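Only a predicted model underlies this, so the values are computations on that prediction, with no experimental measurement involved. Throughout, numbering of the chain's residues begins at 1 and tracks the sequence.
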Amino acid sequence: QVQLVESGGGLVQAGGSLRLSCAASGRTFNNDVMAWFRQAPGKEREFVAVIRRTGGSTYYADSVKGRFTISRDNAKNTMYLQMNSLKPEDTAVYYCATRGGSYRATTPSEYNYWGQGTQVTVSS
């Protein structure tokens, strides 16, 4: 089993920044891929960014490319999402997730473990 705990959400004005964290524990060695998804009210959960823990390969959704940066600290078993130039449309609950296999996995059904989510609200 793997446990994921997100933190760092909050309320920020448009144009501002936030950094989310996702701490992983348990049997993480079989789950090399970590990702961020988000879900706005009334919408489906959507892919944001993904990182492979070994090698650090990354991939981003077009909507956040150039504004968000995904990173990880393997020694701390923690993943981060630095969010800059935030827009009201970035408002959502942000979830971290993990899986084994290919890191080019962008649909929620491909992920085995999920955190509880952290709310990000961007005011205009």
Peer 1: How close do A105 and R99 get, heavy atom to heavy atom, and via which atoms?
Peer 2: CB-NH1, 3.3 Å
Peer 1: Run the salt bridge (Lys or Arg N to Asp or Glu O under 4.0 Å) test against R53 and tell me which residues pass, sequence neighbours left out.
Peer 2: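 R53 satisfies salt bridge (Lys or Arg N to Asp or Glu O under 4.0 Å) with no other residue.
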Peer 1: Can you name the closest pair of heavy atoms from P108 and R45 and give their distance?
Peer 2: CG-O, 3.9 Å
Peer 1: So do the side chains of Y80 and D73 get within less than 4.5 Å of each other, counting heavy atoms only?
Peer 2: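 Answer yes - side chains close enough.
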Peer 1: Mind checking ring-ring contact (aromatic ring centres under 6.0 Å, His included) for Y111 and listing every partner two or more places apart, or none if nothing turns up?
Peer 2: F37
Peer 1: With sequence neighbours left out, write down each residue that passes side-chain hydrogen bond (donor to acceptor under 3.5 Å, both in side chains) with K65, or none if nothing qualifies.
Peer 2: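 With neighbours one apart ignored, the set is D62.
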Peer 1: Quick one: closest heavy-atom pair of F47 and Y59, and the distance?
Peer 2: CZ-O, 3.5 Å
Peer 1: With sequence neighbours excluded, give me every disulfide bond (SG atoms under 2.5 Å apart) pair touching residues 57-94.
Peer 2: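 Those involving residues 57-94 do not exist here.
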Peer 1: Looking at Q82 and T69, would you say the former's side chain and the latter's main chain have a donor-acceptor pair under 3.5 Å?
Peer 2: no
Peer 1: Kindly say whether K76 contributes a backbone atom to a donor-acceptor pair with the side chain of T78 at under 3.5 angstrom?
Peer 2: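 The answer is yes, because a donor-acceptor pair under 3.5 Å joins these two groups.
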Peer 1: Nearest 0.5 angstrom please: R67 CZ to S85 OG, how far?
Peer 2: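 The CZ atom of R67 sits 7.0 Å away from the OG atom of S85.
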Peer 1: Tell me, with the steps shown, if E6 and Q116 meet side-chain contact (heavy atoms from CB on, under 4.5 Å).
Peer 2: CA-CA 7 Å; E6 303 97 334; Q116 81 290 349; 2.8 Å; yes
Peer 1: Any chance you could pull the hydrophobic cluster mates of L20, using side-chain heavy atoms under 4.5 angstrom and chaining through other members?
Peer 2: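 Members other than L20 - counting any ILVMFWY side chain reachable under 4.5 Å - are V2, L4, V12, L18, M34, W36, V48, I51, Y60, V64, F68, I70, M79, L81, M83, L86, Y94, Y113, V120, V122.
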Peer 1: Under the side-chain hydrogen bond (donor to acceptor under 3.5 Å, both in side chains) test, which residues partner T54, sequence neighbours left out?
Peer 2: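 Partners of T54 by the side-chain hydrogen bond (donor to acceptor under 3.5 Å, both in side chains) criterion, ordered by chain and then number, come out as D32.
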Peer 1: Any cation-pi pair here, R38 with Y95, using under 6.0 Å and within 45°?
Peer 2: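 Because its charged atom misses either the 6.0 Å distance or the 45° angle limit, R38 does not stack over Y95.
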Peer 1: Listing request: all disulfide bond (SG atoms under 2.5 Å apart) pairs with a residue in residues 84-124, at least two apart in sequence or in separate chains.
Peer 2: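 As it turns out, the disulfide bond (SG atoms under 2.5 Å apart) pairs with a partner in residues 84-124, which skip direct neighbours, are C22-C96.
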Peer 1: Can you list the residues that meet the side chain to side chain contact (heavy atoms under 4.5 Å, CB included) rule with T121, with sequence neighbours excluded?
Peer 2: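 For T121, the residues satisfying side chain to side chain contact (heavy atoms under 4.5 Å, CB included) (neighbours in sequence not counted) are L11, T91, Q119.
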Peer 1: Grab the two heavy atoms, one from A14 and one from S124, that are nearest each other, plus how far apart they are.
Peer 2: CB-CA, 4.4 Å
Peer 1: My understanding is that only residues two or more places apart in sequence, or in another chain, count here; which of them pass salt bridge (Lys or Arg N to Asp or Glu O under 4.0 Å) with E89?
Peer 2: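 For E89 there are no salt bridge (Lys or Arg N to Asp or Glu O under 4.0 Å) partners, ignoring immediate neighbours.
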Peer 1: Once side-chain hydrogen bond (donor to acceptor under 3.5 Å, both in side chains) is applied, do any residues pair with N112, and if so which ones, sequence neighbours excluded?
Peer 2: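 Testing N112 for side-chain hydrogen bond (donor to acceptor under 3.5 Å, both in side chains), a comparison that skips the adjacent residues, returns none.
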Peer 1: In chain order, what residues pass the side-chain hydrogen bond (donor to acceptor under 3.5 Å, both in side chains) check against R27, with sequence neighbours excluded?
Peer 2: none
Peer 1: Return the set of residues passing salt bridge (Lys or Arg N to Asp or Glu O under 4.0 Å) with R19 (not counting sequence neighbours), or none when no residue passes.
Peer 2: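 R19: no salt bridge (Lys or Arg N to Asp or Glu O under 4.0 Å) contacts found.
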Peer 1: Could you go through Q1 and Q3, starting from their C-alpha distance and side-chain angles, then the distance that decides it, and tell me whether this counts as side-chain contact (heavy atoms from CB on, under 4.5 Å)?
Peer 2: CA-CA 7 Å; Q1 291 290 332; Q3 294 78 42; 3.6 Å; yes
Peer 1: Quick one: does T118's side chain have a donor or acceptor within less than 3.5 Å of a partner on S7's backbone?
Peer 2: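 No, T118 side chain to S7 backbone: no donor-acceptor pair under 3.5 Å.
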